[in-house]
Amino acid sequence: MISLIPLPNEYKITGGNFSIDPSIKVNSDFELPLLRAQRSDDGKIKIEKNDSLGKEEYTLNVKTDEILIKASTQIGAYYALQSLRQLCKLELSGKSVPCCEISDKPSFEWRGINLDESRHFFGKEQVKRLLDWMFMMKLNRFHWHLTDDQGWRIEIKKYPLLTQIGSKRKYTHINGWNSTDILNEEYGGFYTQDDIKEIVEYAAERGIEVIPEIDFPAHCAAAMAAYPWIACRELKREVPGYFGGRIPMKNKIFDWNRTACAGKDSTFEFIFNIIDEICELFPAPYFHIGGDEAPKNEWKKCPHCQKRMAENNLKNEEDLQGWFNNKILQYLKQKGKRLIGWNEILAAGNIDSSVIAQYWTPKRDRQAEQFANSGSNMILSNHQSFYFDMTYAMYPLKNTYDYSPEKFKIDQNALKNVLGVEGEIWSEWIDCKEKLEMQSFPRMQALAEVAWTDESKRDWDDFKLRLNDFKQYFKVKNVNYAVDKISLPNGILSRLKIQAKFKYGDTHLELKMNKKYKNKGEI
């Protein structure tokens with residue numbers, strides 16, 4: 001067994017070991033600022049530039065007297081070094097590397113993690129910590145969910161009320177979807193544009209592109225609290241502290257998730273001005289607008305929206321959202337960006353085929369299948385495998401590891417249209433670092449292998465052995481990972497109990513159980 005996550009696509013153990021000297025030197029054709037080792041022409045670790053290899057591809061040849069790495073790019077060289085880092089157990093006081101030959105490249109171009117900071121805000125240092133783990137796991141897309149109903153988390157200089165008003169809520173919904181409990185404390189936080197630049201640069205140094213998600217036309221109650229005129233009806237409302245469920249029903253608020261007005265030109269001026277500032281901060285060629293769960297009730301009654309539909313010969317409000325998305329798409333194209341939206345946007349019959357659809361819904365979506373199978377690009381974040389905010393009792397670790405696009409009816413000959421996979425960390429019920437880590441680890445390791453390693457070479461039992469070895473890194477870095485008794489739950493009745501508690505009152509039950517098992521020495 002080679003103790004690496006993700007598993008390399010081609011490898012051979014050749015026998016013997018290369019001894020690690022603390023003063024080891026590196027002879028590299030690349031500038032590698034993150035590599036702390038001393039540089040020297042006689043270094044025993046040699047890193048050669050080889051243009052015949054792909055962008056993220058590398059080879060690693062460990063002999064008893066030298067280590068030779070080949071890559072065509074800096075990130076390829078870094079990925080080889082990440083493999084070397086695990087093989088020699090660098091942070092675990094490792095003294096040698098097993099001799100081996102590795103030839104490796106990713107299965108998917110898009111290997112991502114999404115962090116929602118609208119519902120709960122974690123701050124720069126926690127985001128950087130997440131990026132460090134992504135780098136180790138050869139993940140390369142950080143999808144940053146910065147706005148939603150419960151908070152606007154990014155400074156927009158032209159619209160200062162977005163953070164002065166939209167980043168704060170007076171209370172927070174607690175204890176699950178079916179609870180009406182609230183915590184009566186003001187909650188807030190946002191990133192300045194300088195903060196954003198710092199994090200984007202930090203990610204770029206690690207080969208990670210940062211993709212912002214700024215939600216429109218729905219999930220923008222926080223924006224409407226700041227600027228009510230972007231809605232069809234100009235209602236004065238505060239930033240909601242509830243996440244849906246029973247609280248708005250109890251208070252007879254049936255229109256809390258409202259859509260921005262698609263009929264007013266001022267709405268698009270607002271959105272385009274925001275896009276202008278966002279695009280200056282994020283160089284990645286993608287822009288996520290959400291687009292999911294967009295109710296059409298106000299559009300049906302709004303004279304501006306109905307006029308827009310008549311002027312553009314739109315047959316219904318779904319096509320009005322398609323027109324809305326296409327208008328933003330065209331603006332983004334001028335900036336060299338591609339629009340990404342959740343798969344609900346495909347309900348419009350007029351959606352531009354150049355959008356990237358992100359398929360998340362737990363129920364089968366035939367439109368999403370057809371979209372990918374007909375040649376358009378898709379990112380796969382299917383709920384059953386990649387919603388990391390859900391309990392392990394609902395979605396055990398094996399759900400993530402066993403993922404296959406074909407299970408979701410993506411044809412074999414259409415797999416080329418799938419950009420990749422992404423894990424989603426939604427934070428309605430993740431309110432602290434400890435829970436963020438338990439929900440993310442070791443799911444991130446399983447996701448990394450799905451994203452990197454060819455499906456034909458993945459093996460669940462082998463992965464579990466490598467993961468148990470890898471858990472030493474969690475311990476040395478003080479990560480609150482989920483132990484096996486949590487991530488690999490047994491017993492249908494106990495699993496159903498945890499799921500019920502999650503919905504009705506104890507969203508931290510697995511967190512408490514995890515602590516108890518760790519105190520008993522479980523891994």
Side-chain angles (χ1 to χ4, degrees), residues 118-119 145-169 188 190 193 212-242 244 248 253-279 281 287-309 311-312 314 317-332 335 339 341-342 344-345 348:
S118 173
R119 280 57 175 254
H145 188 82
L146 289 164
T147 75
D148 212 298
D149 295 305
Q150 294 80 19
W152 186 283
R153 305 290 176 214
I154 179 169
E155 177 189 27
I156 303 296
K157 294 184 184 296
K158 192 171 183 67
Y159 300 111
L161 297 184
L162 286 171
T163 47
Q164 289 175 22
I165 294 174
S167 71
K168 302 169 187 174
R169 58 181 185 248
F190 68 91
Q193 293 196 2
E213 182 178 345
I214 310 297
D215 275 15
F216 284 107
H219 288 292
C220 48
M224 289 177 182
Y227 296 97
W229 49 263
I230 67 172
C232 297
R233 296 177 295 151
E234 297 186 24
L235 305 177
K236 184 171 177 56
R237 289 188 176 172
E238 297 178 342
V239 177
Y242 47 80
I253 304 172
F254 303 112
D255 60 352
W256 62 277
N257 177 22
R258 301 163 64 212
T259 44
C261 184
K264 298 177 186 175
D265 290 339
S266 56
T267 302
F268 291 98
E269 180 184 0
F270 179 79
I271 293 171
F272 293 162
N273 286 334
I274 290 171
I275 287 173
D276 288 344
E277 292 194 32
I278 296 286
C279 288
L281 300 171
F287 194 108
H288 206 305
I289 66 159
D292 61 314
E293 299 172 332
K296 310 297 191 296
N297 294 338
E298 290 195 10
W299 283 2
K300 290 177 181 179
K301 299 175 182 178
C302 173
H304 302 289
C305 291
Q306 292 303 308
K307 181 182 177 185
R308 184 80 77 186
M309 288 174 61
E311 289 172 346
N312 292 276
L314 302 173
E317 284 73 23
E318 287 294 348
D319 281 1
L320 179 57
Q321 185 175 352
W323 179 90
F324 180 102
N325 290 338
N326 291 342
K327 190 172 177 67
I328 296 174
L329 178 146
Q330 293 303 323
Y331 193 77
L332 288 169
K335 296 179 174 292
L339 182 145
W342 300 105
E344 287 102 319
I345 66 173

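The shown structure was predicted, so the numbers you read here are calculated from the model rather than taken from an experiment. FYI, the numbering just counts along the sequence from 1.
The backbone N or O of A262 lies less than 3.5 Å from no partner atom in the side chain of K327, so there is not a single donor-acceptor pair. The backbone N or O of S118 sits nowhere less than 3.5 Å from a side-chain atom of W152 that would complete a donor-acceptor pair. For R308 (side chain) and G263 (main-chain N/O), a donor-acceptor pair under 3.5 Å exists by modelled atom type. Between the side chain of H219 and the backbone N or O of A221 there is no donor-acceptor pair closer than 3.5 Å. Looking only at distances, a side-chain donor or acceptor of Y227 sits under 3.5 Å from a matching main-chain atom of L161. Proximity of a side-chain donor or acceptor of N325 to a complementary backbone N or O of G291 within less than 3.5 Å is not detected. The backbone N or O of P217 lies less than 3.5 Å from no partner atom in the side chain of T259, so there is not a single donor-acceptor pair. Looking only at distances, no side-chain donor or acceptor of E344 sits under 3.5 Å from a matching main-chain atom of A294. In this structure, the side chain of R169 does not engage the main chain of D149 through any donor-acceptor pair within 3.5 Å. A side-chain donor-acceptor contact under 3.5 Å links E277 to the backbone of K157.
Note on R233 versus D255: salt bridge recorded, some NZ/NE/NH1/NH2 to OD/OE distance being below 4.0 Å. Checked for salt-bridge contact, R258 and E298 meet the test: a charged N lies under 4.0 Å from a carboxylate O. Between K335 and D276, at least one side-chain N (NZ, or NE/NH1/NH2) sits under 4.0 Å from a carboxylate O, which counts as a salt bridge.
Of the N and O atoms on the side chains of Q164 and E155, not one donor lies less than 3.5 Å from an acceptor on the other residue.
Shown here is E234, whose CD atom has more than 12 heavy atoms of other residues, nucleotides or ligands within 6.0 Å.
For the side-chain hydrogen bond (donor to acceptor under 3.5 Å, both in side chains) test with Q306, the passing option among K301, E317, K300 is E317; the others fail.
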